Amino acid sequence: PQAETTRSPEAGLESRAAGGDPGQAAAPLPPPVPPPARTGGAPDEAPTASDPRRRRLLLGLGVAAIAAVGGSWLLQERRRGQGAPLRSIAVLPFRPLVEGAGDPALEFGMTDTLINRLSGVPGLVVRPLSSVRRYAAPDHDAVRAGRELDTEAVLEGHVSTESERIRVTARLLEVATGAALWSGALAGEIVSALRFEMTARDRRQMLDHATNDVLAWQLYVNGRYHSARGTPEGFRRAIEYFEAAERQDPGFALAAAGQADLWAVLGVFTVVPPVDAFARAGAAAERALQLAPDLPEALAAMGHVLVQGRRDWHGGEQLYRRAIAGKPSHARAHMWLANNCAYQGRLNEALAEARRAQELEPLSLNFAANVGLILYFMRDYRPALAQLESLVEAAPEFPLARHHLARVLVASGDPQRAIAVLDGHDAPAPGALSNLGRAYAATGRKELATAEVGRLEDLGGQGFGVGFDLALIHVALGDTTSALEAIERAVHDGSQTIGFLNSEPGLDPIRDQSRFHDVSRQLGLG
């Protein structure tokens with residue numbers, strides 16, 4: 001079965017942002033279309049209005065972007081005599097019908113659009129692009145992929161282009177039996193095949209926050225491509241694409257939300273000084289919310305700005321919860337909520353939210369590492385070690401797991417191994433600045449620990465928040481006065497992990513000091 005389309009530029013297009021996850025499992029990505037110009041203006045070698053590439057892309061998007069409007073009558077018919085609706089699905093990367101004759105940007109964009117459109121279906125868990133992109137190989141087994149991704153259904157499809165016509169074939173398979181539940185190409189038909197009953201509001205939301213400009217959509221998709229690389233350079237390039245997409249269509253809320261996400265990531269990961277990063281993130285999030293007040297991606301992005309940039313724990317939590325209510329599959333919102341709960345001392349709730357994020361994106365290294373971090377704050381070191389050691393073994397170059405593991409090793413009495421874990425791995429990561437200095441201090445290497453203090457002071461001079469990490473090293477060195485001074489400094493210097501003040505085991509030796517309690521109250525942490 002196949003579908004052909006010649007959709008017009010007025011067709012509603014949408015792609016809900018999954019945003020940047022620095023710890024997504026590594027997998028091949030398709031090559032991007034030419035990047036936007038770094039100096040502003042039009043993209044380098046961008047397709048023009050009359051360019052066949054642009055028309056062909058638009059034609060393909062018409063297939064992936066058609067929503068469930070008008071399909072409810074068919075849904076009611078199909079529900080008769082059928083069982084409960086399926087609750088989880090994986091949309092595998094679309095592939096060219098003829099090997100070597102594909103359009104990677106089109107295939108990537110169609111997959112991303114369909115994933116994010118189906119994510120708006122109430123009660124349906126949709127595996128994100130970060131989890132499914134490993135199945136782009138032409139010889140993958142769709143049913144086996146569905147089992148590995150732990151979904152009840154899997155969608156696979158092929159794309160071919162000829163002149164100004166695009167042909168799409170797709171199959172929806174039941175993982176348990178391998179049976180084909182449906183064949184076709186329309187998002188509404190897929191929802192029907194899944195046996196979901198959608199309200200008019202649900203269908204409307206599947207069309208909201210779209211762009212009718214195919215070039216804006218193409219730029220946005222390429223931003224998603226670079227964001228998925230999970231590197232600082234990838235994030236910077238993604239921001240450039242999102243900015244270009246917003247210039248092309250100033251009403252494209254998802255492009256603004258994508259910028260907010262990544263500026264915040266660069267601030268949290270000590271790549272850009274937090275004052276600058278969160279000013280840019282906040283401005284982008286505000287633009288997105290002005291355009292789309294209920295857009296989950298924009299709500300979560302602004303929540304992240306409030307928590308990490310403005311230390312408004314309660315305001316941020318409200319926005320995280322609104323984002324999750326609008327999009328329960330928003331795994332990053334669950335992870336951010338987990339950390340915010342830990343900031344406020346609700347560690348059991350934090351662990352539940354962290355595990356929910358990992359459940360939603362089981363292949364995300366970032367979310368798995370966060371579970372280990374929360375266990376560390378709970379002083380549950382044995383399962384924390386098991387969680388983080390397995391991650392380091394599976395992904396040796398993933399910095400966040402190494403730094404979280406080092407923290408656990410220091411706290412559980414094995415600082416020498418912590419030094420070995422960190423040897424040769426100095427990539428930026430949240431909470432990474434103090435780990436080596438603490439390990440040196442714990443092994444009696446005071447001179448090396450003091451050198452780490454100097455290194456952090458240099459970073460502080462560049463505008464990075466280092467007070468919280470300096471306090472941890474000073475505590476490990478037994479210098480209570482300097483530790484308290486550093487904690488007081490962290491209130492104002494943008495230290496990104498200051499929220500863990502009341503949870504961090506490394507601060508236990510100074511926790512009963514009155515100056516420590518004053519800082520906690522000043523931060524609104526009790």
Side-chain angles (χ1 to χ4, degrees), residues 264 267-268 270 273-275 277-279 282 303-320 336-350 373-374 376-379 407 410-411 430-435 437-438 441-442 449-450 452-526:
V268 171
T270 322
V275 171
F278 286 104
H304 204 203
V305 170
L306 291 184
V307 171
Q308 296 299 136
R310 305 176 191 175
R311 291 167 183 172
D312 182 355
W313 325 114
H314 301 295
E317 179 173 346
Q318 290 176 354
L319 292 182
Y320 290 154
W336 292 337
L337 178 58
N339 290 342
N340 197 23
C341 289
Y343 294 164
Q344 299 175 69
R346 292 154 30 208
L347 292 177
N348 288 330
E349 188 177 351
L373 180 66
I374 301 299
Y376 163 75
F377 291 136
M378 299 177 79
R379 278 71 169 171
R407 295 170 84 162
V410 170
L433 296 178
S434 63
N435 295 324
R438 293 171 63 194
T450 302
E452 285 296 298
V453 170
R455 181 177 69 86
L456 266 60
E457 291 286 7
D458 289 342
L459 284 173
Q462 300 171 38
F464 292 98
V466 297
F468 188 77
D469 292 277
L470 284 171
L472 286 165
I473 299 177
H474 287 309
V475 168
L477 287 167
D479 187 348
T480 297
T481 300
S482 295
L484 291 170
E485 290 173 353
I487 282 292
E488 290 166 344
R489 169 181 172 181
V491 174
H492 305 289
D493 77 347
S495 290
Q496 285 301 294
T497 50
I498 186 66
F500 293 127
L501 180 73
N502 293 324
S503 301
E504 171 59 60
L507 296 178
D508 286 350
I510 63 170
R511 200 170 298 283
D512 60 352
Q513 298 284 326
S514 61
R515 290 169 66 183
F516 185 96
H517 292 297
D518 288 343
V519 169
S520 182
R521 286 191 292 269
Q522 189 175 354
L523 289 168
L525 294 173

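If you're wondering where the values come from, they're calculated on a predicted model, not measured in any experiment.
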Quick one: does [X]'s side chain get under 4.5 Å of [Y]'s, heavy atoms only?
{"X": "Phe278", "Y": "Arg310", "result": "no"}
{"X": "Val307", "Y": "Trp336", "result": "no"}
{"X": "Glu317", "Y": "Leu306", "result": "no"}
{"X": "Ile498", "Y": "Val491", "result": "no"}
{"X": "Arg311", "Y": "Gln522", "result": "no"}
{"X": "His314", "Y": "Gln344", "result": "yes"}
{"X": "Arg515", "Y": "Ile487", "result": "no"}
{"X": "Glu452", "Y": "Arg438", "result": "no"}

Closest non-hydrogen atom pair, [X] against [Y]:
{"X": "Gly431", "Y": "Asn435", "result": "O-ND2, 3.1 Å"}
{"X": "Ser495", "Y": "Ala490", "result": "OG-CB, 3.6 Å"}
{"X": "Arg346", "Y": "Glu349", "result": "NE-OE1, 3.0 Å"}

Which pairs would a plain distance check flag for residues 499-511, meaning a side-chain donor or acceptor within less than 3.5 Å of a matching protein atom at least two apart in sequence or in another chain?
unit_1, atom_1, unit_2, atom_2, d
Asn502, ND2, Ser520, OG, 3.0
Asn502, ND2, Leu525, O, 3.2
Ser503, OG, Ala342, O, 3.0
Glu504, OE1, Arg407, NH2, 2.6
Glu504, OE2, Tyr376, OH, 2.3
Glu504, OE2, Gly506, N, 2.8
Asp508, OD1, Arg379, NH2, 2.7
Asp508, OD1, Arg511, NE, 3.0
Asp508, OD1, Arg511, NH2, 2.9
Asp508, OD2, Arg379, NH2, 3.0
Arg511, NH1, Leu501, O, 2.9
Arg511, NH2, Glu504, O, 2.5

**Request:** With rounding to the nearest 0.5 Å, note down the distance linking CG in Asn340 to CD in Gln318.
**Result:**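 It comes to 10.5 Å.
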| task | Calculate, to the nearest 0.5 Å, the distance between atoms OG1 and CG belonging to Thr270 and Leu456 respectively. | result |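 One finds 9.5 Å between OG1 of Thr270 and CG of Leu456.
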Hey, what's the ring geometry for His304 with Tyr320, parallel, tilted or perpendicular (30° and 60° as the breaks)?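 Rings of His304 and Tyr320: tilted, as their planes differ by 30° to 60°.
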Is the shortest side-chain N to carboxylate O distance from Arg455 to Asp458 below 4.0 Å?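 Salt bridge: no.
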Show me the donor-acceptor pairs, under 3.5 Å and distance only, between side chains in residues 460-476 and residues at least two apart or in other chains.
unit_1, atom_1, unit_2, atom_2, d
Asp469, OD1, Ser434, N, 3.3
Asp469, OD1, Ser434, OG, 3.3

Quiz prompt | Derivation and outcome, side-chain contact (heavy atoms from CB on, under 4.5 Å), residues Asn339 and Ile374 | solution = CA-CA 8 Å; Asn339 290 342; Ile374 301 299; 4.0 Å; yes
